[in-house]
2 protein chains.
Amino acid sequence: MKKKTTIYDIAEKLNLTAATVSRALNNNPKISEKTRELVQATAIEMNYEQNTLARALKSGKSFNVGVIVPRMDSNFFASVIRGIEEELYPKGYHVIVCQTHDQEELETGNIMSLLNAQVDGILMSISNSKTKNKIFNSLSQKRVPLIFFDRKKDISGVSSVTIDDYNGSYLATKHLIEQGCKRIAHLSNDRSLEIFKNRYLGYKQAIIDHGLEFDEDLVIETFSKVAEGRKVAKQLLNLASPPDAIFSSSDFTALGAIQEIKEQGFKIPEDISVVGFSNEPFTRFMELSITSVDQSPIEMGRKAAKVFLEEVDAKDSKKNPQQIVLQPELIVRKSSLKTNLEAI
Amino acid sequence: MKKKTTIYDIAEKLNLTAATVSRALNNNPKISEKTRELVQATAIEMNYEQNTLARALKSGKSFNVGVIVPRMDSNFFASVIRGIEEELYPKGYHVIVCQTHDQEELETGNIMSLLNAQVDGILMSISNSKTKNKIFNSLSQKRVPLIFFDRKKDISGVSSVTIDDYNGSYLATKHLIEQGCKRIAHLSNDRSLEIFKNRYLGYKQAIIDHGLEFDEDLVIETFSKVAEGRKVAKQLLNLASPPDAIFSSSDFTALGAIQEIKEQGFKIPEDISVVGFSNEPFTRFMELSITSVDQSPIEMGRKAAKVFLEEVDAKDSKKNPQQIVLQPELIVRKSSLKTNLEAI
DNA sequence: TTGTAAGCGTTATCAA
DNA sequence: TTGATAACGCTTACAA
């Protein structure tokens, strides 16, 4: 194996010491311009590449950050990761992505794996399962910055970047009301997670603010799968007084609901309007495009990465945890737009 | 900061040396059973965690492998990554995922980044652009195993795990012929990539084998975007003698084609049948579900990871590059299944 | 401005 | 079976 060039090789060739070479390479001020240029030129000539492992061992940093997401094949999370990459690559960091598949064991396991891999920080969106705080405490003990995005937990001292789910939900529900809908059902999700709790609350408040009757029977807790959406829609359609609109906290359940509604012969949006959440690409591509709430995931990723950079630089000084909240945008499409407003 | 426990701490507490502790922890045979148990118990008690960085520095390995994919938000690549994870996590490796977004600069940049991060190997699916062989040569010079999956390049000494695209294509085309289609168009893609060349060739051969006329005008090269599918379908429908079926090398272009066909008032599959490739989840979820070719991505990932493990263990001994080819499966759905065969 | 030397946490080699 | 020591490649006081 062709040995890699080290700073010793450069030092030897130039009759200097490794220390000087190291300084020259790192643009340390305590060095002459001439030496610096000579060293840097020689480094290029000899194909020198820094051994990041050694630097990491010495500095205690790995220049890797871990990103933990429930899954990476959703457009939302993939886009957040993209945003994180955009911000972190230029700073010399690498991004290790792990998926939890919403399983608590995997979530805990991933955190431990990443810690073991010496990541300099963890950016994560927590899973549905109620991961114990214990593991997060061990993170702060080790002084590994933890930043939540999208799905957070309230842990003191931990920063987060989320969207205003409450407002997104409020906007979506208000839109349905303005389209003339009177009995709006809500497909909720594990409300021990803030995002789903807030989506529920925003929905509820919009109903109340507009003088409609809030009916708890129209709120169903399910989870983000197409098949679940079908199942739940079936339940709703069987009610004595079925809804004339469904606002889902997930695009996937919205899709399932749409399939079921159409199959039972109802028209969308005329009979029943549907709105989803997340603005997954398929909501745009469907024959019946789906109204949804966009969460600006790239922006979310970039913001989370910036917070990480601040915290990792802050070292031992007291942390000022930030709670950044982005504003969502309602994208109106066919599934809820009644062109003739006679329905009102 | 609470200092991490090192083997020195354990050694000190037990009046041993770090070397002995290291041996005990690594189940080195040259140690007494008693010491081993004592050390291991103490390690647990003191919350010892191995510093993988130091181990990496010493061994020259990082226990990280890099995975490069065009994008991670397609079900296909996400599933391959899942397969790789399943195989590699138990062996103590971590997986660093990078996306190229089909840009050559990013592809080259990612490889260099990963090398700089000291990955022990790279598993990749190459991008559409014609990445220069130079970068791959530098990989083999550094003795970093490179394994291609799905989208490969023929480089001597490099292993690959692919599916039999030729056969998948052949099956899909044959299926359309059996459904009574006579003029089958093919949406191709950059044929400098083997997968798309093979899908083209399988299609062509099936046409010829079944006595149909092969018409080069029915083959259109495009790229994997929904909007492209629409555009290309428009072209095809404008032909003097339009096709009665479209076999697309991508589910995304198939989807676009379907949108356009329906918009122009044709019926699917009666007037025009459509088959895609990759078995993305949306092909199943659409109101009009789409026939597609499944590529068993998880299996592909696992196989690729296994090849990596073999190569990384082989050390300096001569490599025996493997070319593993998996068999695809045709999943027939509504977009091509004519229930009444009167069309024949 | 440059050199010396210690140290980051391991593992491997040699000696005891 | 265990201990002492060097080495992996780099950074950084401290000394010159």
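Throughout, a chain's letter reflects where its sequence line sits, starting with A, and its residues are numbered from 1. Here the structure is a predicted model, which means the values were calculated and not measured.
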Interatomic distance, Ile7(B) CD1 vs dA12(C) C1' [rounded to whole Å]:
12 Å
Going by distance alone, is a donor N or O of one side chain under 3.5 Å from an acceptor N or O of the other, for Asn27(B) and Gln40(B)?
yes
Tell me: CG of Leu57(A) to P of dC8(D), nearest whole Å?
14 Å
Would you check if Val65(A) and Val119(A) make a side-chain contact, meaning some heavy-atom pair closer than 4.5 Å?
no
Report yes or no: is there a donor-acceptor pair, N or O only, under 3.5 Å between the side chain of Tyr8(A) and the base of dC8(D)?
no
When rounded to the nearest 0.5 angstrom, what is the spacing between CG in Leu57(A) and CG in Leu53(B)?
6.0 Å
Below 3.5 Å between N/O atoms, which protein atoms pair up with nucleotides 12-16 of chain D? Just atom names and distances, please.
from	atom 1	to	atom 2	distance (Å)
dA13(D)	N6	Arg23(A)	NH1	3.4

In whole angstroms, how far is the P atom of dG9(C) from the CZ atom of Phe63(B)?
19 Å
Can a side-chain donor-acceptor contact be found between Lys61(A) and Tyr93(A) if the only test is distance below 3.5 angstrom?
yes
When rounded to whole Å, the CZ to C1' distance for the pair Arg55(A) and dG9(C) reads 18 Å
Nearest-Å distance for atom pair CD1/P, residues Ile31(B) and dT11(C)
12 Å
Take atom NZ of Lys61(B) and atom C1' of dG9(D), then tell me their distance rounded to the nearest Å.
19 Å
Presence of Ser32(A) side-chain N/O under 4.0 Å of dT2(C) phosphate oxygens OP1/OP2
yes
Do Ser192(A) and Asp190(A) get their side chains close enough for a donor-acceptor pair, meaning under 3.5 Å?
yes
Does the side chain of Ser62(A) come within less than 4.5 Å of Asp120(A)'s, by heavy atoms?
yes
Any side-chain N or O of Thr35(B) below 4.0 angstrom from OP1/OP2 of dT2(D)?
yes
How about Ser159(A) and Glu311(A): does a side-chain donor come under 3.5 Å of a side-chain acceptor?
yes
When the distance from CG of Leu38(B) to P of dT1(D) is rounded to whole Å, what number comes out?
16 Å
Atom CG of Leu16(A) and atom P of dT1(C): how far apart are they, to the nearest Å?
14 Å
dC8(D) OP1/OP2 closer than 4.0 Å to side-chain N/O of Thr6(A):
no
